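These numbers were taken from a predicted model, which means no experiment stands behind them. Residue numbers count from 1 along this sequence.
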Amino acid sequence: MILGALFPFLAVLGATQILPAVAPGVSASAMPVDYTVFVPRAKDDPSRKDPTQVGDLVNEHFTVVDNPKTGSLLAFWTQETRESAPDMHVAFARSTDGGANWTKPRVLWGAPTLKSNVPNAKWQIPMVSKSGRVYCFWNQNEKPGPGMGRGLMMGAKSDDDGATWSAPVRLEGPKGFWCVWQRPMRFAPGERFLTAISISDEKLTKTCFLRFENIDDDPDVKDVRFTILNRDKVLEGEEASIVKLPDGRLFAVMRSRLGYPLWTESRDGGETWSASKPVKDASGKTVAHPRAPCPMYDLRGDAAGSGDVFALFCDRVNPKASQWEGRGPLHFYRGAFDPQGEQPVRFTKGDVLLTRDGSSHYGNSCYSSFTRVGGQGVLWYPDEKFALYGARVPREEGAALFNGSDLSGWTGATHMYVADASEPGVLRCEQARIDEWKTCNLFTEREYGDFVLSFECNMAKGANNGVGIRMPEKIKGEPAWESFCEVQLIDDDSSPRLKPHQHTGSVYGVIPATPGPDGRYAKPCGEWSRYEIRVVGTTIEVRIDGRLATKGDLAQWKGDGDTVDGKPHPGLHRTRGRIGFLGHYTDRPAKDMIVRWRNIRIKEL
């Protein structure tokens, strides 16, 4: 690969136009907007002809980090008049109210204008130490002028949330052309920061990995230590995104010149990586994608290792077009940890998240970042490398089954299920309020057929509940038997004598759930686990924190006692019914045996 292929000198494509006013909830190109960080001057603003004005037409490599010590969100990005222009610089803004408002951007390093006689700066690498000290490193040209990739590694630090910065320091960093996109996260052993770095020589580009060894020691910038890993091995692919998996492996996806993304994994904390292979979806189909970034993140945040991830792929490529073809819409691919699979993350294609017309390769690159704000994931993205926005992900699909404040739409045991004002948005079940087992069920007023039900659940020690699927209006006996099925929710740790079909995630009495690699069915008591139950015809899938725990077709049983529990299941072939939460009777003190739910949603299929 030649240098120009990775770092082309690109002009702004297409005729200039005034950016339309941004409507609530949508960007100028119909992308979702929940946060607005920066909207530049209109593209044909007369002031753009003034070379002494700050070049802000192009905004890319958008990196947002949070500072846990201060609660602030810190945004860094590369800004310029056009890609590779002499005025490339690192811009910065800060929010102290969860992203609702942002300070006016200011230039930290590089050439602010086309008339600035200083070297340009780009490809910033921000990190926050455990004490709250903010570090940032970047690629800086050795002398004024254009250029995208060849530069020195510079660094600075701030002890006041980015208000002031130390003088820049040169480090003995990568040589030649190099670029870092995704911000480092605590992937490496000892919670050391790790990210991917693309290094190019005269013939090819290599994906390597950059580990920062001592950021949490709060060293002076000159004393920061880092290691470039995998440098001697050619790993095909560029601009990797990394997530940590529940079993400790690191999994990365990369763009390529081949018409599809590539993946690789590391089993030793990033020291070595496997040969790259094509990314495939859950059906085994290779995902189509042009030579464009492949953002991938853990929905639970940074290096959570939850196994519940998402990636953005185009799912389209024109084999007759240039590898730099227009990228087009990006689909939201939900990824689930598959510990036995050759590719350890199974991707399922979802709806389009970022809608783009695909006419320009220049404006459609999604050099994004991801944080969690108020318990919700936020994708921070550049809208066609112009305005900078944030969108909550995953986008809410379907309808809310619980409105967060009362039991409208529900019937049954409203005496023991409450919307507690002290916990906004949380549905709470207190087993101590159960009178008898026939009256401890809460169910929807509506009936449903095929659907995807999602919610988060938090079990107290000793708690026992379940999800009734396609329940009849009147229950005469055991709800698990008279409904299509019950998906079990229980404190597995407090119930050592459970049978396999009685563990969390099981189709109770019918299909046992499979535990995760750590032996757990869900997170421990007191922690929130996310559940997704997909029911289509006679089939059911249960995912817990993104992991496929249960899958089966109930048509193989008659329901006359032939199931694993040997009990009759007269409702096994119901095609419609209500959805319910099935409490459990106990004759022992149980005032603390509480179950909580939140974000209960249903998407009818």
Can a salt bridge be assigned to the pair E213 and R211 using a cut-off of 4.0 Å between side-chain N and carboxylate O? yes
I'd like to know if R133 and D216 make a salt bridge, using a cut-off of under 4.0 Å between side-chain N and carboxylate O. no
N/O donor-acceptor pair under 3.5 Å between D160 side chain and T164 backbone: yes
Is the distance between the ring centroids of F347 and F313 less than 6.0 Å? yes
Tightest non-hydrogen contact, residues L379 and S368, listed as CD1-OG, 3.6 Å
Can you classify the ring geometry of F226 versus F212 as parallel (below 30°), tilted (30 to 60°) or perpendicular (above 60°)? tilted
Given N230 and L235, is the side-chain contact (heavy atoms from CB on, under 4.5 Å) satisfied, shown in steps? CA-CA 8 Å; N230 211 59; L235 186 63; 4.1 Å; yes
If we ignore hydrogens and angles and just use 3.5 Å, is the side chain of R170 paired with the main-chain N or O of M153 as donor and acceptor? no
Donor-acceptor side-chain pairing of S129 and D218 below 3.5 angstrom: yes
Taking all atoms of both residues into account, what is the closest heavy-atom pair of P126 and P184, and its distance? O-CD, 3.7 Å
Going by atom types only, do Q79 and D56 share a side-chain donor-acceptor pair under 3.5 Å? no
Side-chain (S116) to main-chain (V118) donor-acceptor, under 3.5 angstrom: no
Value rounded to 0.5 Å, distance of CG in N214 from CZ in R192: 10.0 Å
So do Y35 and V378 actually touch side chain to side chain, heavy atoms under 4.5 Å? yes
Quick one: salt bridge (Lys or Arg N to Asp or Glu O under 4.0 Å) pairs with a partner in residues 107-127, sequence neighbours left out? none
Quick one: do F209 and I228 satisfy side-chain contact (heavy atoms from CB on, under 4.5 Å)? Show the steps, please. CA-CA 6 Å; F209 297 87; I228 298 176; over 6 Å; no
When you check the gap from the basic side-chain N to the acidic O, do E238 and R255 get nearer than 4.0 Å? yes
Heavy-atom nearest pair, A240 first then M254, reads CB-CG, 3.5 Å
If you apply the rule ring pair (Phe, Tyr, Trp, His ring centres under 6.0 Å), what do you find for Y297 with F310, and how did you get there? CA-CA 6 Å; Y297 307 102; F310 76 95; 5.7 Å; yes
Working for side-chain contact (heavy atoms from CB on, under 4.5 Å), residues T63 and W181: CA-CA 8 Å; T63 311; W181 158 37; 5.7 Å; no
Among all residues two or more places apart in sequence or in another chain, which pass the side-chain hydrogen bond (donor to acceptor under 3.5 Å, both in side chains) test with K130? E191
Decide if atom NZ of K523 counts as having more than 12 heavy atoms of other residues, nucleotides or ligands within a radius under 6.0 Å. yes
So, E456 and S529: side-chain donor and acceptor under 3.5 Å apart, yes or no? no
CZ/R543 to CG/L548 distance, rounded to the nearest 0.5 angstrom? 4.5 Å
Go through it in stages, so that I can follow the logic: the residues are D34 and R392, the test is salt bridge (charged side-chain N to carboxylate O under 4.0 Å, His left out), and I'd like the CA-CA distance, side-chain angles, deciding distance and then a yes or no. CA-CA 7 Å; D34 298 302; R392 297 188 184 98; 3.2 Å; yes
With sequence neighbours excluded, tell me which residues meet side-chain hydrogen bond (donor to acceptor under 3.5 Å, both in side chains) with R300. D308
Taking N141 for its side chain and P144 for its backbone only, find out whether a donor-acceptor pair lies under 3.5 Å. no
Quick one: does S158's side chain have a donor or acceptor within less than 3.5 Å of a partner on V134's backbone? no
Nearest non-hydrogen partners of D161 and L74, listed with the distance: O-CD2, 3.7 Å
Does E80 reach the main-chain N or O of G55 with its side chain, forming a donor-acceptor pair under 3.5 Å? no
Testing W77, W102, F370, F76 one by one against W380 for a ring pair (Phe, Tyr, Trp, His ring centres under 6.0 Å), which residue passes? W102
Note: K349-D315 ion pair, threshold 4.0 Å (strictly below): yes
If I take atom CG from residue L152 and atom CD from residue E142, how far apart are they, to the nearest 0.5 angstrom? 4.5 Å
Step by step, work out the side-chain contact (heavy atoms from CB on, under 4.5 Å) result for V345 and V309. CA-CA 8 Å; V345 174; V309 308; 3.8 Å; yes
Are side-chain N/O atoms of D66 and T371 paired as donor and acceptor at under 3.5 Å? no
C136 side, atom SG; Q124 side, atom CD - distance, nearest 0.5 Å: 6.0 Å
Sort out for me which residue in E342, Q343, E236 forms a side chain to side chain donor-acceptor pair (under 3.5 Å) with K277. E342
Is it the case that atom CG in D232 sees more than 12 heavy atoms from other parts of the structure closer than 6.0 Å? no
Would you check, one step at a time, whether the test side-chain hydrogen bond (donor to acceptor under 3.5 Å, both in side chains) holds for Q140 with W138? CA-CA 6 Å; Q140 181 169 300; W138 64 93; 2.9 Å; yes
Determine the minimum heavy-atom distance between T286 and P278, stating which atoms define it. CG2-CB, 4.0 Å
Looking at G147, is its backbone amide N or carbonyl O close enough to the side chain of N120 to form a donor-acceptor pair, meaning the two atoms are under 3.5 Å apart? yes
So E239 and T207, do their side chains get closer than 4.5 Å, heavy atoms only? no
To the nearest 0.5 Å, how far apart are CG in D383 and CZ in F62? 11.5 Å
Residue of the set W165, F92, F137 for which ring pair (Phe, Tyr, Trp, His ring centres under 6.0 Å) holds with W109: W165
Is a side-chain donor or acceptor of R316 paired with a backbone partner of P329 at a separation under 3.5 angstrom? no
Any side-chain donor-acceptor pair under 3.5 Å between T195 and Q182? no
Smallest separation among heavy atoms of G162 and R94, with atom names: C-NH1, 4.1 Å
From D298 atom CG to R372 atom CZ, the distance as rounded to the nearest 0.5 Å: 9.0 Å
Under 30°, 30 to 60°, or over 60°: which ring-plane class applies to Y381 and Y389, parallel, tilted or perpendicular? tilted
Using 30° and 60° as the class limits, which term best fits the ring planes of H61 and Y367: parallel, tilted or perpendicular? parallel
For D87 and T113, which I'm curious about, is there any donor-acceptor pair between the side chains at under 3.5 Å? no
Does S276 offer a backbone N or O that forms a donor-acceptor pair with the side chain of T264 under 3.5 Å? no
Polar side-chain atom of N67 near backbone of G71 as donor-acceptor pair, under 3.5 Å: no
More than 12 heavy atoms from other groups under 6.0 Å of CG on D97: yes
Just checking K285: does its NZ atom have more than 12 heavy atoms from other residues, nucleotides or ligands closer to it than 6.0 angstrom? no
